[in-house]
Structure formats: C-alpha cells, structure tokens
Amino acid sequence: MTTEQFAFLLNRFVRFKVSDVTIPGPQEVVNELYGRDMVQGKVVDITVSGTMEQAFIIVQVEGMNAPLILPAEKVIGITDR
C-alpha cells in the first residue's frame, strides 16, 4: 500500500481503537487521557504486603476482566453501591 491511497485522510478526524496505537504505547495513551478519572468498584479482598506492611485492596470493576490492586490508602471515597 502507498501513502497516496490514504491521502484523503489528511486534515480529517478519524476514530480508532486505543489498542491499535503503535507510538506511544496504548498504556501511555490511556494513562494520559484518563489517568485522573475516578473509577468505582467493589473491594473483594484486602492483603498486606511489602517491607512496610502496606495494605492493598483488590477491587472488581465492572467492565474489567481482571481485578485491580491498589494501596488501600489511595481510596478517595466509599459508597455502598
């Protein structure tokens, strides 16, 4: 394929999946765009780890396949739902 085949895309807005971005990596894109967004999930477990005995929570978030793990002290708010 040649660049001439895609010349019609110049100066147009396009949609694409973040996972298809080559540079920078998809994780960097998501972090830069959404890194400050608030996320809510249900705490399913609590663990203590590390040399400073830091507590971590394991949170199940709707839409995510794997649970998220973060320091318990980073919780910003609590809700029953």
Side-chain angles (χ1 to χ4, degrees):
M1 299 210 166
T2 63
T3 55
E4 290 82 27
Q5 289 178 285
F6 297 102
F8 69 95
L9 294 175
L10 283 174
N11 296 314
R12 293 196 164 183
F13 289 94
V14 296
R15 298 177 79 189
F16 52 91
K17 293 179 185 177
V18 172
S19 61
D20 289 336
V21 174
T22 303
I23 298 173
Q27 185 172 358
E28 186 176 339
V29 173
V30 170
N31 190 42
E32 194 165 324
L33 290 174
Y34 306 109
R36 296 187 182 273
D37 285 4
M38 301 296 283
V39 177
Q40 178 175 301
K42 180 180 181 182
V43 177
V44 294
D45 203 358
I46 300 172
T47 184
V48 176
S49 182
T51 57
M52 299 175 65
E53 296 292 313
Q54 184 176 19
F56 289 86
I57 56 173
I58 302 168
V59 183
Q60 189 64 51
V61 176
E62 189 173 326
M64 293 287 303
N65 290 329
L68 308 179
I69 301 172
L70 63 144
E73 66 207 31
K74 297 295 184 178
V75 170
I76 294 172
I78 301 170
T79 181
D80 290 332
R81 233 176 116 216

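- Connection of V14 to L33 is established within a shared hydrophobic cluster, with ILVMFWY side chains joined at heavy-atom distances below 4.5 Å, either directly or through further cluster members.
- For F16, the CZ atom counts as loosely surrounded, since its 6.0 Å shell holds 12 or fewer non-hydrogen atoms of other residues, nucleotides or ligands.
- The cluster map of Ile, Leu, Val, Met, Phe, Trp and Tyr, joined by side-chain heavy atoms under 4.5 Å apart, puts V30 and L68 in different clusters.
- Cluster membership for M38 and Y34, using ILVMFWY side-chain heavy atoms within less than 4.5 angstrom, is not shared.
- Atom-to-atom distance recorded for L70:CG and I58:CD1 is 10.0 Å, nearest 0.5 angstrom.
- Counting heavy-atom neighbours within 6.0 Å of Q5 CD, excluding the residue itself, gives a total above 12.
- Counting non-hydrogen atoms of other residues, nucleotides and ligands closer than 6.0 Å to CD of Q60 gives a total above 12.
- In this structure, G41 and V61 approach most closely via the heavy-atom pair CA-CG2, 4.1 Å.
- Rounded to the nearest 0.5 Å, atoms CD1 (I69) and CD1 (I46) are 13.0 Å apart.
- Note that the OG1 atom of T79 and the CD atom of Q40 stand 5.5 Å from one another [nearest 0.5 Å].
- Hydrophobic cluster membership differs between F13 and F6, with clusters built from Ile, Leu, Val, Met, Phe, Trp and Tyr side chains linked at under 4.5 angstrom.
- A 6.0 Å sphere centred on CD of E62 holds no more than 12 heavy atoms belonging to other residues, nucleotides or ligands.
- Cluster annotation: F56 is connected to V44 through the hydrophobic network of ILVMFWY side chains, with a link wherever side-chain heavy atoms come within less than 4.5 Å.
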